[in-house]
Amino acid sequence: MTIDLPATGPITQRPGGDAEQTEWSVADNRLAGLVFGEHDRHLALIESRIGVEIIARGNRVTLRGSDPARHAARAVLEDLSQRASAGLDIAEGDVEGAIRMATAVPKANSAGSMPEIRTRRKVVRPRSPGQRAYLEALAAHELVFAIGPAGTGKTYLAVAMGVRALLSGEVDRLILSRPAVEAGEQLGFLPGDMKEKVDPYLRPLYDALHDMLSDGRAQRMIAEGTIEIAPLAFMRGRTLANACIILDEAQNTTPMQMKMFLTRLGENARMVITGDLSQIDLPPGQPSGLVQAVDILKNVEGVAIVRFAERDIVRHPLVARIVAAYDANTGRGGD
C-alpha cells in the first residue's frame with residue numbers, strides 16, 4: 001500500500017468588512033492562557049496563517065472571516081484546547097501542526113480520533129496529514145517505508161512508536177540501525193575504536209531515543225541490550241524476532257544490504273525503514289537499495305509506503321522553504 005498525501009496549504013483569504021463571525025470559548029481563563037499563548041501569540045499565529053481575525057475577551061474569542069477560515073481556526077483552537085485540558089504543553093510547533101491539520105484538503109483527514117503515541121516523557125501527536133497517515137500505517141502494518149525530506153518526523157515518530165511498543169511489552173527489544181555512509185567518508189580513516197567511529201553516524205537515533213526516555217533509563221536499557229543501536233553491517237546473519245526494528249537513512253543502503261536487512265524480520269516483529277531520496281550519499285553509479293525495495297514491494301500485502309513532501313516538514317517553517325528552494329533549483333520538484 002502506497003500512501004501519497006494530497007496538497008495542503010493555509011487559507012490566505014483575508015476577511016472583508018462583511019465577513020461573518022463565529023463565537024468560541026474555552027472552559028476557563030487558565031486554559032485560555034495556555035491556548036491563546038503568552039500575549040496571545042498563538043492567536044496571532046493562527047490569524048497570520050489562516051487569514052482570520054480573532055478577537056479575544058477573557059476565555060472567549062470571536063472569529064471573523066470566510067466560512068473556511070473560521071472553520072479552520074475553530075478546529076485549531078479546539079485541538080489546542082484538548083491538549084491543554086490533557087495537561088500537555090503547547091509550543092509554537094504544536095500550533096503550526098494544528099494549523100497544518102486544520103487547513104489540509106478534507107480527504108487527507110481520515111475519520112476517527114487523532115492517533116497518538118504515549119511514552120513515559122511525551123505524548124506525540126501528528127502535526128501534518130502525512131504524519132497522521134504514517135502513524136496509522138505504523139499501527140496497521142508489519143513493514144512500513146517512510147520516504148521524504150528532512151524535518152518530516154520520519155525517524156522521530158518511528159522511534160516513538162518503538163519505545164511505546166517496548167514499554168508496553170508488545171516487543172522485547174528495540175533495534176535502531178543506520179548505514180555508516182556519510183558524504184564519502186571512510187570509517188577506517190576516522191579516529192578511535194569501532195564504537196567511536198560509528199557513534200557519530202548514529203547520533204540522531206540517540207537524540208530521538210533520549211527525547212522519549214530519561215537519559216538514565218535509556219542508558220540502562222542500552223546496557224542491558226533491550227535497546228540496541230548499531231550500524232547496518234552488524235545486522236547480517238541475525239533473525240530479529242519479538243522486536244521493533246528501525247532502519248534510518250536507508251537511501252544509503254545498497255540493494256544487497258537492503259535485501260539482507262529486510263530478511264532479518266522474525267516472528268512478532270515490526271520493521272520501519274526511513275529515507276530521503278534527495279540525500280543519497282552512495283558512490284556515483286551505485287543504485288540505492290531503498291529505491292529498488294520500494295519499487296519491488298509496493299504491491300506486497302503487509303507493506304505500507306508513506307511518502308512525505310515539503311508540506312509535511314514540521315521543523316522551523318524556514319526548513320520547508322529551504323527544501324522547496326533546493327528542489328526548484330534542481331528541477332526535481334516535490335515528492
Side-chain angles (χ1 to χ4, degrees), residues 2-5 7-8 100 126-135 137-138 143-162 176-185 198 200-209 211 229 231-232 245-255 257-258 261-262 271-298 303-335:
T2 301
I3 304 170
D4 289 294
L5 276 297
T8 67
R100 196 177 292 110
R127 291 184 174 183
S128 76
Q131 287 196 349
R132 176 170 185 156
Y134 186 31
L135 290 184
L138 290 173
L143 173 58
V144 177
F145 289 89
I147 302 169
T152 50
K154 306 182 300 295
T155 303
Y156 190 84
L157 292 177
V159 172
M161 181 275 295
L176 311 175
S177 185
R178 264 189 166 200
V181 177
E182 290 291 343
E185 294 186 27
V198 301
Y201 297 97
L202 304 173
R203 177 49 53 188
L205 296 175
Y206 282 105
D207 291 343
L209 183 64
D211 208 27
I229 304 178
L232 175 61
I245 312 128
I246 300 169
L247 175 61
D248 191 33
E249 298 289 346
Q251 75 275 3
N252 290 326
T253 61
T254 66
Q257 288 174 326
M258 177 60 75
F261 184 80
L262 289 169
M271 185 175 283
V272 186
I273 298 173
T274 73
D276 179 356
L277 298 183
S278 72
Q279 297 190 35
I280 297 175
D281 296 315
L282 293 168
Q286 173 66 65
S288 168
L290 178 60
V291 174
Q292 183 191 70
V294 167
D295 182 59
I296 292 174
L297 302 177
K298 60 188 175 185
V303 176
I305 302 168
V306 180
R307 297 182 186 272
F308 294 92
E310 287 82 1
R311 61 183 174 267
D312 293 306
I313 292 173
V314 296
R315 289 182 187 164
H316 192 287
L318 182 57
V319 175
R321 298 196 291 273
I322 290 171
V323 171
Y326 268 89
D327 287 347
N329 185 62
T330 60
R332 183 177 66 84
D335 286 351

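Quick caveat: nothing in here was measured; it's all calculated off a predicted structure. Index from 1, following the sequence.
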If every non-hydrogen atom of [X] is compared with every non-hydrogen atom of [Y], which pair is closest and at what distance?
{"X": "Ala158", "Y": "Ile246", "answer": "O-CD1, 3.2 Å"}
{"X": "Ala250", "Y": "Leu290", "answer": "O-CB, 3.5 Å"}
{"X": "Pro231", "Y": "Ser177", "answer": "C-OG, 3.4 Å"}
{"X": "Ala150", "Y": "Ile313", "answer": "O-CG1, 3.6 Å"}
{"X": "Pro255", "Y": "Pro287", "answer": "CD-O, 3.3 Å"}
{"X": "Lys154", "Y": "Tyr134", "answer": "O-OH, 2.8 Å"}

[X] side, atom [atom1]; [Y] side, atom [atom2] - distance, nearest 0.5 Å:
{"X": "Phe145", "Y": "Met271", "atom1": "CZ", "atom2": "CE", "answer": "9.0 Å"}
{"X": "Thr253", "Y": "Leu282", "atom1": "OG1", "atom2": "CG", "answer": "7.0 Å"}
{"X": "Leu205", "Y": "Glu249", "atom1": "CG", "atom2": "CD", "answer": "8.5 Å"}
{"X": "Leu138", "Y": "Gln131", "atom1": "CG", "atom2": "CD", "answer": "10.5 Å"}

Does [X] reach the side chain of [Y], with side-chain heavy atoms less than 4.5 Å apart?
{"X": "Thr152", "Y": "Ser128", "value": "no"}
{"X": "Arg100", "Y": "Pro129", "value": "yes"}
{"X": "Tyr156", "Y": "Asp211", "value": "yes"}
{"X": "Arg307", "Y": "Val294", "value": "yes"}

Looking at [Y], is its backbone amide N or carbonyl O close enough to the side chain of [X] to form a donor-acceptor pair, meaning the two atoms are under 3.5 Å apart?
{"X": "Asp312", "Y": "Ala309", "result": "yes"}
{"X": "Lys298", "Y": "Val303", "result": "no"}
{"X": "Asn252", "Y": "Asp281", "result": "yes"}
{"X": "Asp248", "Y": "Thr155", "result": "no"}
{"X": "Gln286", "Y": "Pro283", "result": "no"}
{"X": "Thr274", "Y": "Ala146", "result": "no"}
{"X": "Gln251", "Y": "Asp276", "result": "yes"}

For the pair Leu157 and Val272, evaluate side-chain contact (heavy atoms from CB on, under 4.5 Å) and give the outcome as yes or no after the intermediate values. CA-CA 10 Å; Leu157 292 177; Val272 186; over 6 Å; no

